[in-house]
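A short worksheet on the structure shown next.
What you are looking at is a predicted structure, and each value in this text was computed from that prediction instead of being measured.
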Amino acid sequence: MRISSTSRSRQRHRRTARAAVAGAVACAALITGCGGDGGSDEAGGGKITLRIGTFGSFGYDNETGAKLYAEYEKSHPNIKIEESNVADGQKYWDTLKLRLSRNSGLADIQALEVGYISEATGPTMGDKWVDLGKTGGADVDAFLDWKIKQASTADGKVIGLGTDIGPMAICYNKELFAKAKLPTDREAVAKLWQGDWNAFIRTGETYKKNAPAGTAFHDSASGLFNAVISSEPVQYANTKGELDYENSPGVKKAWDTAVAAAQGGLTAKLRQFDEKQTWNAAFKNSKFATVACPSWMTGIIKDSAGPENQGKWDIAAPPVAGNWGGAFLAVPKAGKHAKEAAELAAWLTAPAQHAKVFGVNGNIPSTKHTLTSAVVRDAKLPYFGDTPVGAIYSEAAAGITPAPISRWDGQVKTFLTDNGILDIEQRGTDPAKAWDNVKKLIEDKVEQ
């Protein structure tokens, strides 16, 4: 998932319909909801309440998701599940780190976005999690090898079980493309930008010439930055896993492409996953024609654009294949019911549940068999009509080679997008000045 505005984490990671809470109260609410110290408790009648902290759209819920909570509660009558979900992955992570440092206020299960997994498995936090390779009954061999490696500590503990990965595509509004005199067939659309992010920018310039009033080609320059860097073999870290964003060719390409889109007036100047849900509303009101679309984004489009726009969105191959986001479920040791939480985390991330979530929410599984199975490969999502969603994302997933990750990737990405690209896009800040501002923030906030 975004994830997140990382990530996976979608953003790997990940339902955006929940509004975030402002002020001091938000510190607790972002992670655990409104109950007490945030830990699990007895729900009455001998029931145990297990709380899950998530961000973005994981697709487990009983409303718009795969109804996995209801299914688990039915087979485990002593368990009640409550999910607390927020849109902003960075705020979620900042609050989670604070709670971990205090060993209090934590949910029984906490979602982790891939952009922060290196920090979560590092020496400061690695011992704060239950080893899910030994507790809960998960089959760790079922997951993609690189997914388990990402969530393993130096001494071999598995602190997170993979929910999804984030193979990339481009989702586009067929109705807006037609009005802008662009092709609407997904294969013809993919050819417009095949193999080249610069061609994607040129397509945006063509769209702009005939754009329906009040619309933009792309939703967000920051989202475009994340898409481009997700397709690069070198991102924020070098091959040793050390932060080296200043010398990264991937960061340079992503920055230059996003700046070109922002300065060219090709974006709707939106911040993805914003707390006011302006971005979500723009889906419903058809304010932009394209969005960088890792697999988990399909669930967000469905929920945000709403039933009145069903059938208007399609999915095309991206200029260059990549992986944006993906997430994990982890169990803090400080929880009151760590054993039961580990069992639930193992069940939610098992192949059978991965398939159910994909069928409803589009999150591509991170388990080997499910990823290559016919149930995924041949799947279609009702919201996207006859689009071969499974085939598109399965093919994209096959080409994923994970880039090295540093413990600071998520934080640096947030500074580059929210404090750099967004300033250029919304305030017209000179790119050189915006870059300098980002460097100062990183020097001040990141231990190097």
Backbone N or O of I229 within a donor-acceptor pair of the Q235 side chain at under 3.5 Å?
yes
Do the ring planes of [X] and [Y] sit parallel (below 30°), tilted (30 to 60°) or perpendicular (above 60°)?
X    : Y    : result
Y236 : F225 : tilted
F143 : H354 : perpendicular
Y60  : F58  : tilted
Y245 : W435 : tilted

Does the salt bridge (Lys or Arg N to Asp or Glu O under 4.0 Å) test come out yes or no for E232 and K253, once each step is laid out?
CA-CA 9 Å; E232 290 294 310; K253 180 181 286 189; 3.4 Å; yes
Decide yes or no for [X] and [Y]: does some side-chain heavy atom of the first lie under 4.5 Å from some side-chain heavy atom of the second?
X    : Y    : answer
P167 : I364 : yes
K433 : N437 : yes
L243 : V412 : yes

Can you confirm whether more than 12 heavy atoms, excluding those of [X], are under 6.0 Å from its [atom1] atom?
X    : atom1 : result
E395 : CD    : no
K174 : NZ    : yes
E187 : CD    : no
K312 : NZ    : yes

With L50 as partner, the option from V331, I109, D108 fulfilling side-chain contact (heavy atoms from CB on, under 4.5 Å) is D108
S295 and N363: side-chain hydrogen bond (donor to acceptor under 3.5 Å, both in side chains), yes or no, with the steps?
CA-CA 5 Å; S295 51; N363 295 21; over 6 Å; no
Roughly how far, to the nearest 0.5 Å, is the [atom2] atom of [Y] from the [atom1] atom of [X]?
X    : Y    : atom1 : atom2 : answer
W347 : L68  : CH2   : CG    : 4.5 Å
K440 : D436 : NZ    : CG    : 6.0 Å
I52  : I81  : CD1   : CD1   : 5.5 Å
N309 : N285 : CG    : CG    : 8.5 Å
D303 : E63  : CG    : CD    : 9.5 Å
M168 : W324 : CE    : CH2   : 7.0 Å

Side-chain ion pair, K439 and E246, N-O less than 4.0 Å
yes
E83 with R51: basic N within carboxylate O range, under 4.0 Å:
no
Please determine if K147 forms a cation-pi arrangement with F328, meaning its NZ or CZ atom is less than 6.0 Å from the six-membered ring centre and no more than 45° off the ring axis.
yes
Near-ring test Y172/W313, centroid separation under 6.0 angstrom:
no
Are F288 and F283 an aromatic pair, judged by ring center distance below 6.0 Å?
yes
Evaluation steps, side-chain hydrogen bond (donor to acceptor under 3.5 Å, both in side chains), between T414 and Q90:
CA-CA 7 Å; T414 296; Q90 183 62 53; 2.7 Å; yes
Might you work through the side-chain hydrogen bond (donor to acceptor under 3.5 Å, both in side chains) test for T267 and E425, ending with a clear yes or no?
CA-CA 8 Å; T267 74; E425 186 177 35; 2.5 Å; yes
For D145 and K149, run salt bridge (Lys or Arg N to Asp or Glu O under 4.0 Å): C-alpha distance rounded to whole Å, both residues' side-chain angles, the deciding distance at 0.1 Å, then the answer.
CA-CA 6 Å; D145 294 341; K149 184 178 179 181; over 6 Å; no
Considering only distance and modelled atom types, tabulate donor-acceptor pairs under 3.5 Å from the side chains of residues 370-384, sequence neighbours left out.
{"unit_1": "T370", "atom_1": "OG1", "unit_2": "T367", "atom_2": "OG1", "d": "2.9"}
{"unit_1": "T372", "atom_1": "OG1", "unit_2": "K368", "atom_2": "O", "d": "3.2"}
{"unit_1": "T372", "atom_1": "OG1", "unit_2": "H369", "atom_2": "O", "d": "3.3"}
{"unit_1": "S373", "atom_1": "OG", "unit_2": "T370", "atom_2": "O", "d": "2.8"}
{"unit_1": "R377", "atom_1": "NH1", "unit_2": "T372", "atom_2": "O", "d": "3.0"}
{"unit_1": "Y383", "atom_1": "OH", "unit_2": "G306", "atom_2": "O", "d": "2.6"}

Derivation and outcome, side-chain hydrogen bond (donor to acceptor under 3.5 Å, both in side chains), residues W296 and N361
CA-CA 7 Å; W296 46 263; N361 218 51; over 6 Å; no
Verdict with reasoning, R186 to D386, per salt bridge (Lys or Arg N to Asp or Glu O under 4.0 Å):
CA-CA 11 Å; R186 69 185 67 91; D386 66 350; 3.3 Å; yes
Please, which pairs that meet ring-ring contact (aromatic ring centres under 6.0 Å, His included) have at least one residue in residues 184-218, sequence neighbours excluded?
W193-F200, W197-F200, F200-F217, F200-H218, Y207-F217
Compare every heavy atom of L112 with every heavy atom of A120, then report the nearest pair and how far apart it is.
CB-CD1, 4.0 Å
